[in-house]
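Step one of this worksheet: look at the structure below.
All values below come from the heavy atoms of this structure, side chains included, with hydrogens, waters and symmetry mates left out.
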Amino acid sequence: MRIDIITIFPEIFESPFAYSIIKRAKDKGIVDIHFHNLRDYSQNKHKNVDDYPYGGGAGMVMMIEPIAACIDKLKEERTYDEVIYTSPDGELLDQKVANHLSTFGNIIILCGHYKGIDERVRQNYITREISIGNYVLSGGELAAIVLCDSIIRLIPGVLGDETSALSDSFQNNLLAPPVYTRPANYKGMLVPDILLSGNDSEIVKWRYEKSVERTKTCRPDMLNEQE
Ligand code: SAH
C-alpha cells in the first residue's frame, strides 16, 4: 500500500512512524509512506498556504491552489483509490472503515489546519472525509497518524500471529477479553485457573464469554448494532 500525506508539518509524523508496527510495515516493504509539504506547492513568494476567509470572520482558510497542484501532480503519477480529508465533520473512523481502507492500493490523506480548507477542494478533489472523533483538533496530522496506524496494522503480513488483529476489540463486534501474563500469582492476585489449564477449547469458550460480558458492561450499544 502507498500512502501520500499532504501536510504543512511533515515533521509531526517522524516519531510516530519510526517505531513499532508502522516501522515494521515500512521495513517489510508492505507500506510506503510519502510526505508532501504543501508549502512546496505555494505559488506565492512567502510560501503561504492560507488566506483570509471570504465574508470575514475569525481564522484563516487553506487555499485551493497549493492543494490542487499537489493532488493533481500525484494523480498524474498514479491512480488513487481514495483522496481522504481528515475532518471533524467527516464519517467517524471505526474498525469497519479501517478494515475497508486497509484493502486499498494507493491513498492520499490531506491534513487541514486553521478554520479548514476551501470548500471547493472538498467538492472537487476529496473523495472521502474522515473524522477520528467528535472533538476538534488543531490540525489533521494527529488524525492522519491515528488513521494510518489503524489501517496499516490490518494489512496482511504486518502483524505476526502473536498480535493478530483478528483477536482485537471491534474486529468481531465484541470487545477483547481480559489478558494475563506471568506471574500466575501476584501478591494473592490470581490468574483465572482456566487459562492455566491447557484446555484450548475451554479457553476459547471462556474468552468468548468474557468478550460478551465486557461488551455488555462497557459497550452495550455494540450488541444492539448486531441485531
Ligand atoms: N473549523 C473546522 C475545524 C478546523 S480544525 C470545524 O469547525 O469543523 C483544523 C483541522 O484539523 C481540520 O481541517 C482537520 O483537518 C483537522 N481536524 C480537526 N478535528 C478533527 C477530527 N476530529 N478528525 C479529523 N480531523 C480533524
Side-chain angles (χ1 to χ4, degrees), residues 1 3 5 9 11-31 33 86 88 91-103 109 130-227:
M1 175 183 226
I3 305 177
I5 298 178
F9 293 120
E11 300 81 8
I12 294 179
F13 294 87
E14 278 169 17
S15 169
F17 284 7
Y19 298 94
S20 186
I21 307 287
I22 299 189
K23 178 182 187 313
R24 196 198 294 184
K26 287 196 303 184
D27 291 348
K28 283 187 179 172
I30 296 173
V31 70
I33 308 174
T86 56
E91 163 190 18
L92 264 188
L93 175 63
D94 63 11
Q95 198 64 16
K96 206 167 149 208
V97 172
N99 275 322
H100 184 218
L101 295 177
S102 75
T103 63
I109 303 176
I130 295 182
S131 163
I132 65 159
N134 293 330
Y135 40 80
V136 176
L137 301 164
S138 315
E141 285 74 16
L142 292 176
I145 291 166
V146 170
L147 180 60
C148 285
D149 190 302
S150 71
I151 296 171
I152 291 170
R153 61 198 306 285
L154 293 171
I155 303 173
V158 172
L159 295 185
D161 269 356
E162 78 287 2
T163 45
S164 168
L166 294 176
S167 57
D168 284 336
S169 291
F170 306 110
Q171 209 55 32
N172 54 359
N173 250 335
L174 288 175
L175 298 177
V179 291
Y180 299 85
T181 187
R182 281 184 285 189
N185 181 346
Y186 178 71
K187 297 181 181 174
M189 295 174 233
L190 302 179
V191 170
D193 283 341
I194 182 80
L195 296 178
L196 310 174
S197 69
N199 185 334
D200 289 343
S201 62
E202 283 302 309
I203 292 173
V204 168
K205 204 169 135 226
W206 180 88
R207 286 189 169 141
Y208 178 73
E209 285 165 9
K210 289 291 164 189
S211 272
V212 173
E213 211 175 275
R214 183 164 278 187
T215 312
K216 270 187 190 154
T217 310
C218 305
R219 291 290 308 274
D221 56 300
M222 284 170 63
L223 295 170
N224 297 339
E225 268 171 30
Q226 289 173 346
E227 283 160 9

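Summarising the geometry, atom CD1 belonging to Ile145 is positioned 7.0 Å from atom CD1 belonging to Ile12; distances are rounded to the nearest 0.5 Å. Remark: Leu196 CG to Asn199 CG distance equals 12.0 Å, nearest 0.5 Å. Taking CZ from Arg219 and OG from Ser169, the interatomic distance works out to 9.5 Å, rounded to the nearest 0.5 Å.
In this structure, Pro16 and Ile22 approach most closely via the heavy-atom pair O-CD1, 4.2 Å. Here the closest non-hydrogen pair linking Lys210 and Pro178 is CB-CD, 3.6 Å. Listed here is the closest heavy atom pair of Ile155 and Ser102: CG1-O, 3.9 Å. A pairwise comparison of heavy atoms in Pro220 and Cys218 identifies CD-C, 3.5 Å as the closest pair. Between Thr86 and Ala144 the shortest heavy-atom distance is CG2-N, 4.1 Å. Residues Leu159 and Ala165 share a closest heavy-atom pair of CD1-N, 3.5 Å.
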With a 3.5 Å cut-off and sequence neighbours excluded, list the donor-acceptor pairs that the side chains of residues 130-137 form with protein atoms.
residue : atom : partner : partner atom : Å
Ser131  : OG   : Gly133  : N            : 3.1
Ser131  : OG   : Gly133  : O            : 3.0
Tyr135  : OH   : Ile132  : O            : 3.1

As a quick check of understanding, evaluate side-chain contact (heavy atoms from CB on, under 4.5 Å) for Leu101 and Leu147, giving each step before the final call.
CA-CA 9 Å; Leu101 295 177; Leu147 180 60; 3.9 Å; yes

**OP:** Kindly determine whether Leu174 and Leu223 satisfy side-chain contact (heavy atoms from CB on, under 4.5 Å), including the steps that lead there.
**Re:** CA-CA 8 Å; Leu174 288 175; Leu223 295 170; 3.9 Å; yes

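Under the side chain to side chain contact (heavy atoms under 4.5 Å, CB included) criterion, Lys96 pairs with Asp94, sequence neighbours left out. Qualifying side chain to side chain contact (heavy atoms under 4.5 Å, CB included) partners for Glu14, counting only residues two or more places apart in sequence or in other chains: Glu11.
For the pair Gln95/Leu154, a side-chain contact is recorded, criterion being any heavy-atom separation below 4.5 Å from C-beta on. No side-chain heavy atom of Trp206 sits under 4.5 Å from any side-chain heavy atom of Glu202. In this structure the side chain of Ile109 reaches within 4.5 angstrom of the side chain of Cys148, judged on heavy atoms. Residues Arg153 and Asp168 form a side-chain contact, since some pair of their non-hydrogen atoms from C-beta on lies under 4.5 Å apart. Side-chain contact between Leu195 and Arg207 is present, with heavy atoms from C-beta onward closer than 4.5 Å. A heavy-atom distance below 4.5 Å is not found between the side chains of Tyr180 and Met189. Counting only heavy atoms from C-beta outward, the side chains of Ile21 and Asp149 never approach each other to under 4.5 Å.
At a threshold of 4.0 Å, the pair Lys216-Glu213 does not count as salt-bridged, since none of the basic side-chain nitrogens sits closer than that to a carboxylate oxygen.
Residue-environment remark: NZ (Lys28) exceeds the threshold of 12 foreign heavy atoms within 6.0 Å.
Donor-acceptor pairing under 3.5 Å is recorded for the side chains of Asn99 and Gln171.
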